[in-house]
A.B. asks: 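Quick one: the structure is below, and I'll ask about it shortly.
Only this structure's heavy atoms are used, side chains among them; waters, hydrogens and symmetry mates stay out. Here the structure is a predicted model, which means the values were calculated and not measured.
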Amino acid sequence: MKLYYIPTTRAVRPRWILEELGISYELVYVTMAMTQEPGYEKLHPHRKVPVLVDGDIIMFESAAICAYLADKFPEKELAPSPTSDARSYYYQWLFYASLTLEAPVEQFMFNVLPNLPEKLLPQKEKTKVSAEEALIWFNKVAQPLTVFRVNNSGVCI
């Protein structure tokens, strides 16, 4: 199993789960320049990371890789059983984190980290949402995280 990885990107997510699983894998450090090399688009059509190669399986999208790995090693209990009620909340929070929470966090970072390379984020894109607007946005979408409860099975809902 190989994980194509650039530090400080979404590739951190599957690397973290691989470490939590305690399994053997190869970490392939990638640079932005390497993603532009001929053939890399066979790993990721948009020439990004992460990419997980597991035998004949080549997949991208960090949340999808994490869900795949949790399901591949059910004995590690990193995800609820597919037949349990808790699985619905697992999906809910897995996708909420990457689809709803990530955008305002990213916008905030783009405003407070002014030295991001122009190739990574063009200067005109950095000013679309101010740091203050991003923080307000984040506080709004983070609200459900402060009101969840634990059901009788000990699962956060």
A.B. asks: Rounded to the nearest 0.5 Å, how far does CD of Gln36 lie from OG1 of Thr31?
C.D. replies: 9.5 Å
A.B. asks: How would you list, by chain and number, every residue that makes a side-chain contact (heavy atoms from CB on, under 4.5 Å) with Thr35, sequence neighbours excluded?
C.D. replies: Val30, Tyr40, Arg47
A.B. asks: Would you sort out whether Tyr68 and Glu61 count as a side-chain hydrogen bond (donor to acceptor under 3.5 Å, both in side chains), showing the intermediate values?
C.D. replies: CA-CA 11 Å; Tyr68 167 77; Glu61 290 301 326; over 6 Å; no
A.B. asks: Taking the side chain as every heavy atom from C-beta outward, state whether Tyr29 and Ile6 have any pair of such atoms under 4.5 Å apart.
C.D. replies: no
A.B. asks: Does any non-hydrogen side-chain atom of Tyr4 lie less than 4.5 Å from one of Leu43?
C.D. replies: yes
A.B. asks: So, using side-chain contact (heavy atoms from CB on, under 4.5 Å) as the criterion, who are the partners of Ala63 when residues are at least two apart?
C.D. replies: Leu94, Ser98
A.B. asks: For the pair His46 (side chain) and Lys48 (backbone), establish whether a donor and an acceptor sit closer than 3.5 Å, ignoring hydrogens and angles.
C.D. replies: no
A.B. asks: Kindly compute the distance separating OH (Tyr25) from CD1 (Ile17), expressed to the nearest 0.5 Å.
C.D. replies: 11.5 Å
A.B. asks: Any sub-3.5 Å donor-acceptor pair from Glu41's side-chain atoms to Gly39's backbone N or O?
C.D. replies: yes
A.B. asks: Taking the six-membered ring for Trp, are Phe95 and Tyr91 parallel (under 30°), tilted (30 to 60°) or perpendicular (over 60°)?
C.D. replies: parallel
A.B. asks: Are the charged groups of Arg13 and Glu102 less than 4.0 angstrom apart, N to O?
C.D. replies: yes
A.B. asks: Are Ile23 and Val12 linked, directly or through intermediate hydrophobic residues, by side-chain heavy-atom contacts shorter than 4.5 Å (ILVMFWY only)?
C.D. replies: yes
A.B. asks: Is any side-chain heavy atom of Leu52 less than 4.5 Å from a side-chain heavy atom of Leu69?
C.D. replies: yes
A.B. asks: Just so I know, are the side chains of Pro50 and Thr9 near enough to count as touching, which here means a heavy-atom distance under 4.5 Å?
C.D. replies: no
A.B. asks: Please determine whether a side-chain nitrogen of the Lys or Arg among Lys2 and Asp54 lies less than 4.0 Å from a carboxylate oxygen of the Asp or Glu.
C.D. replies: no
A.B. asks: Same cluster or not: Met34 versus Ile58, using hydrophobic residues (I, L, V, M, F, W, Y) connected whenever any side-chain heavy atoms lie under 4.5 Å apart?
C.D. replies: yes
A.B. asks: Working to the nearest 0.5 Å, report the span between SG of Cys66 and CZ of Arg10.
C.D. replies: 12.5 Å
A.B. asks: Could you grab the distance from atom CZ of Arg15 to atom CD of Glu19, nearest 0.5 Å is fine?
C.D. replies: 5.5 Å
A.B. asks: In this structure, would Phe73 and Ile65 fall into the same cluster of hydrophobic residues linked by side-chain contacts under 4.5 Å?
C.D. replies: yes
A.B. asks: Would you call the rings of Phe60 and His44 parallel, tilted or perpendicular, taking 30° and 60° as the class edges?
C.D. replies: tilted
A.B. asks: Once rounded to the nearest 0.5 Å, what's the spacing between atom CE of Met1 and atom CG of Leu27?
C.D. replies: 13.0 Å
A.B. asks: Answer yes or no: is there a side-chain heavy-atom contact under 4.5 Å between Leu78 and Leu21?
C.D. replies: yes
A.B. asks: How close do Val53 and Gly55 get, counting heavy atoms only, and between which atoms?
C.D. replies: CG1-O, 3.8 Å
A.B. asks: Are Ile57 and Val49 connected, step by step, through hydrophobic side chains (Ile, Leu, Val, Met, Phe, Trp, Tyr) whose heavy atoms are closer than 4.5 Å?
C.D. replies: no
A.B. asks: Working to the nearest 0.5 Å, report the span between OG of Ser81 and OH of Tyr90.
C.D. replies: 11.5 Å
A.B. asks: Does this structure show an ion pair linking Asp71 with Arg87, if we count only N-O contacts that are shorter than 4.0 Å?
C.D. replies: yes
